[in-house]
Every structure is written in structure tokens, then in C-alpha cells.
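Inspection log for the structure reproduced underneath, given as C-alpha cells.
Quick note: numbers below take in every heavy atom, side chains included, and nothing from hydrogens, waters or symmetry partners. Naming convention: chains lettered A, B, ... in sequence-line order (proteins, then strands); numbering from 1 in each chain.
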2 protein chains.
Amino acid sequence: MIISINKRLTYTDRSIIMRAMTNIPDTKQHILDTAATLFHTQSYGDVGIATICKEAGVSKGSFFHFFPSKQDLGVAVLEQFREKINATLVAKAFSSQYPPMERLLRFVHELYQFQKDQVDQHGHLPGCPFGNIVMEQATQDDVLRTKADGCIRSIANHLRTAVTDAVQSGELPPLDESATAEAMFGYLEGIQLMAKARNDPELIRTLGPAVTSIRVPRPIQ
Amino acid sequence: MIISINKRLTYTDRSIIMRAMTNIPDTKQHILDTAATLFHTQSYGDVGIATICKEAGVSKGSFFHFFPSKQDLGVAVLEQFREKINATLVAKAFSSQYPPMERLLRFVHELYQFQKDQVDQHGHLPGCPFGNIVMEQATQDDVLRTKADGCIRSIANHLRTAVTDAVQSGELPPLDESATAEAMFGYLEGIQLMAKARNDPELIRTLGPAVTSIRVPRPIQ
DNA sequence: AAATGTATAGACCGGTCGGTATAGATCGCG
DNA sequence: CGCGATCTATACCGACCGGTCTATACATTT
């Protein structure tokens, strides 16, 4: 494709050039990505719309054209995190080619790498994007709370599959599979929280593997 | 004690009467208690100083007379939570009169009751005061992060004693006692987080007891 | 009684918050 | 070309933010 440099560039031209040069997709997606990073590395409450706009190089008019409110942006950011985490960390770890319990250990390793990379990049361990929103906004904003809860359930569901497979293969004794998967996910949230409190990803590496020791027995009849 | 009602009441007189009549201690403590409730039931970031003053029936001048900044107040609130939780939930559960592992189950029950009472009172499950601050402020404010981390370690230390006792008594096999205690505490943080995400304290009751299944093996030499 | 320290009250500060209004630029489409 | 839809830019809004300042009331010390 050739774009003449003699004519005055239209928005479309600039958009095409931007996309080709910087891999920045359309404005809405760019706002979304910028907000996701800022919300995760700082926090939802402490990052204002003006900051997001400045960081994304976008005007407030554009922002409110695509997102009717900050809350809508927050929900969209959560949904994008869910998709991205399911497509990367979860997909890598929960492949059925690995024995069920090994999947859990691989997931722990993915979490460790993820948080460690963030520390190396930003100097702070950001923790879980969903856990952060829950702790910060659950008592204030029911929409965000419900959305974050949905994201948590979505990811925890992959754990449940692994637990079910492990029981079937005999790697785990009979137990309450759903509850055990939830307990395991809770454990991973908790050690990410403690790692964030210390700003030290090593805690995930040392304590993470113990996720395989968690067992919630079947309710007695 | 008798206070004459004929003379004009001094501040000290009124203070004495107030304390006797309303059980409200001195102003600083009252601000602290009000802020603790607001921070816990809402969040640190979303509760302003003006709100705290109004709720406590205190002027801004008084506030800044006792607390040089919101951050200092935050640290004081965390410290008070640490003392209060150690004096109540922890003290009730971790009495050496109970077998070590029973202490853990009792602590879970205390956590359940605590969060359930909050739900009944305020309609929302507030979660752990330290975990909330960590998730919200750890990447922004190193002072608050460090203080919250200290509070977490302080409480986790009681878990470690129980784990050590359990290993000694044979209730638990040999394992990394400190790491296991940390893992257990992380687990409890995690299920409180998930309970907050669902606004449902029952999750603590059903998943909590599995804390006794967590084991971090001793590092191989 | 004077002086000093402690506590309280509230107006006030610059800055930021989420969100709106309006005008203009650019788009696809007829 | 012209028209309506889409998108961008920015000034602006009232509310609130953490924090300062000044004035005053009272207690304590001398």
C-alpha cells in the first residue's frame, strides 16, 4: 500500500499509518488496553479518566464516545482480562496433554512468571486483576463486583476440569470436586495477595505448588 | 464523682460526662474508630477526610490536629485492626487449651462469624481489612503496604505456632512449618476474597475447614 | 493574671474527579 | 456534491479531594 505524502493526511490515513507503524489498533481498543494496564499496575479508583486519555493520547470526547462511563470501561477491562488470561496463562497450563495435577503446577508457574514480569517492568507486583477489583470495589459497585465474580468463576472452571480429571485418573482421592477447585483458586488468589503485600513474586513460587495439597471432602449424607 | 451543675461546664467536665454517657472515648480514638469502620465497610480510597469528620461529628481542624495526614490515619487504623483482631478472633481461636488443628477450625469459624455479622449489619461482606488495603494501595503507597504486611505477619505468626504444635503432637506430619502457616493464612485471605466477590459468607464456612489440608513440604537438601 | 499549650471550628486553597456541551472534522453513502 | 453518522477536541460544570490557615475557646503552668 502506498500513501502519498503530498496530500494532507486524513484521519483514515493516519489511522492506517499508526496501525502499520505501532500495531495500535483502533481507538477504542487502544483506550481499553491503556486502561487495563493502568488499572492493573495502579488501581481502579486512583486512575482517573483524564489520566487514561492522556496516556492513550486520546481526547475526553473520544473516550466518552466509546465508553458511556468509567464503570462501563471497568467492566470492559475485566472482560478483556478474562479473555486474555484464558487465552494465555490458562490455555498454556490447562492443556489436556498434561496429567491433571501437573496442570495445576504449570498454572502456578504461569502465575509466577506473569507477576514476576510485572515486577520487572513496573517495580510493583500488581496481583490478580479480578482480586484487586473485588477488594477495592465490591462493597461500592455491585456491577463491577458481579462482573469480577463472573471472571473468577470462568477461570476457576478450568481448575474444576483438572480436579475432575484428577479424581477420575486416581491422582486425587474422591472429594467435592467443585468445592476443591474453588478452594484451590481461592488459595492462588490468597498467595498472590500475600506476594503483593511483600512485593515479592518468590512467594508464589515457594507456596504455590502446595495448591495440590488442598482437599475439600464430599459432604457427608 | 460529682460535677456541680451550677458552674459553667468546662471542656474537661463535658468530656467526662460524654465518656460516662455515651461510652465515646476521646476525640482521637473516636476518629480512629469511625475511620476504621468506614475504611473497612467501604474502602480507603473512596472515603474522604470530610466524610470521616462528618460521621464522627468532628471538625477538620480537630482531625488534622490528631493526624498529620490521611496516610498516618491509615497506618493507625491498620494497627488498631491488628490489635483488635489479635485480642478477639485470634485470642478466642488460638488458645493452647485446644488441640492445634482445632484452633485452625475455630479461627475459620471466627472469621465466618465476623464476616457474617458485617453482612447482616452493612449488607456487604467487607473482607479482610489488611487484604483490602494491600489490594487497593500496595502499588501506590509503600508505607501502607509495609504496615499491612506487618499486620499480616503478626496474625500469621499465631498460625505458625499452631502448626508447630501440630507437628510436635503428631497431628501433622513433618513439614515446612513457617511456609505451611503462610500458605494457610494465604488460603484464608483467598476465600475471604472469594466470599467478598460473591457477597456470601457461606463460602467461608464451606471452604474454610480445608485449611487443615494444606501442606508445604520441607525443602529437600 | 499572664503566658503557653492544646483542642476545636470552619472558611478557604489549588487541584482533580466523573461527566457534559458544543463545535468541528471526517466518514460512508446516495 | 451533499447529508447524516461517526469521531475528535476542548472548554466547562458542580462536587469533592487532601490539606492549610486563622481565629477562638479552654486548660495548664507560672
Side-chain angles (χ1 to χ4, degrees), chain A residues 3-4 7-19 24-32 34-35 38-39 42-77 136-137 140-141 143-144, chain B residues 3-4 7-19 24-32 34-35 38-39 42-77 136-137 140-141 143-144:
Chain A
I3 297 174
S4 163
K7 69 165 182 175
R8 207 154 150 275
L9 296 183
T10 66
Y11 276 171
T12 304
D13 290 337
R14 281 195 273 167
S15 178
I16 290 171
I17 292 172
M18 282 288 282
R19 292 184 204 192
I24 292 176
D26 60 323
T27 305
K28 180 175 183 178
Q29 185 61 47
H30 184 48
I31 294 172
L32 206 47
T34 305
L38 290 173
F39 287 165
Q42 300 182 41
S43 80
Y44 178 81
D46 287 351
V47 174
I49 291 170
T51 305
I52 295 168
C53 290
K54 187 183 290 182
E55 186 72 16
V58 150
S59 73
K60 226 170 187 181
S62 292
F63 178 93
F64 280 101
H65 174 71
F66 292 110
F67 299 97
S69 72
K70 189 184 181 184
Q71 187 193 63
D72 287 88
L73 172 69
V75 171
V77 165
E136 187 184 344
Q137 292 293 328
Q140 329 270 327
D141 187 327
V143 174
L144 284 177
Chain B
I3 297 175
S4 162
K7 71 164 182 177
R8 205 154 149 275
L9 296 183
T10 67
Y11 274 174
T12 303
D13 291 336
R14 282 195 271 166
S15 179
I16 290 171
I17 293 171
M18 282 288 281
R19 291 186 205 191
I24 292 176
D26 60 324
T27 305
K28 180 174 183 178
Q29 187 60 48
H30 184 48
I31 294 172
L32 207 46
T34 305
L38 290 173
F39 286 166
Q42 300 183 39
S43 80
Y44 178 80
D46 287 352
V47 175
I49 291 170
T51 304
I52 296 168
C53 290
K54 187 183 292 182
E55 187 72 17
V58 150
S59 74
K60 226 168 188 180
S62 292
F63 178 93
F64 280 101
H65 174 71
F66 292 112
F67 300 98
S69 71
K70 188 184 182 184
Q71 187 192 63
D72 286 87
L73 172 68
V75 170
V77 165
E136 186 184 345
Q137 292 292 328
Q140 330 269 326
D141 188 326
V143 173
L144 284 177

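Screening residues 49-71 of chain A for ring pair (Phe, Tyr, Trp, His ring centres under 6.0 Å) gives A/Phe63-A/Phe67 as the qualifying pairs, with residues at least two apart or on separate chains.
For the pair B/Glu136 and B/Ser43, the tightest heavy-atom approach, listed with the atom from each and the gap, is OE1-CB, 3.6 Å. Residues A/Lys60 and A/Cys53 share a closest heavy-atom pair of CA-SG, 3.9 Å.
Residue A/Ser59 places at least one side-chain N or O closer than 4.0 Å to OP1 or OP2 of D/dA9.
The CZ atom of A/Phe66 sits 17 Å away from the P atom of C/dG19 (whole-angstrom rounding). One interatomic measurement links the two molecules: NE2 of B/His30 to C1' of C/dT8, which rounds to 14 Å at whole-angstrom precision. The interatomic distance linking A/Ile31 (CD1) with D/dC7 (C1') rounds to 11 Å, in whole Å. Regarding A/Leu38, its CG atom lies at a distance of 12 Å from the P atom of C/dC17, rounded to whole Å. Straight-line distance from the NE2 atom of B/His65 to the P atom of C/dT6: 7 Å, rounded to whole Å.
Annotation for B/Glu55: atom CD does not count as buried by contact number, only 12 or fewer foreign heavy atoms lying within 6.0 Å.
If you take CD1 on B/Ile31 and CD on B/Gln29, they are separated by 10.0 Å, rounding to the nearest 0.5 Å.
Looking at B/Gln137 and A/Asp46, their side chains come closer than 4.5 Å, going by heavy atoms from C-beta outward. Contact check for A/Ile52 versus A/Leu73: side-chain heavy atoms found under the 4.5 Å cut-off.
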Fill in the blank from the handout: Reading nucleotides 16-21 of chain D from 5' to 3' and marking B where a protein heavy atom lies under 4.0 Å of the base, S where only the sugar-phosphate is that close, and - otherwise, the string is -SBBB-
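Axis angle, first five pairs versus last five pairs of the helix from C/dA1-D/dT30 to C/dG30-D/dC1: 10°, rounded to 10°.
Here the options are B/Leu38, B/Val77, B/Leu144, the test is side chain to side chain contact (heavy atoms under 4.5 Å, CB included), and the partner is B/Tyr44; only B/Leu144 passes.
Side-chain proximity of A/Ser62 to the nucleotides D/dT6, C/dT8, D/dA9 is greatest for D/dA9.
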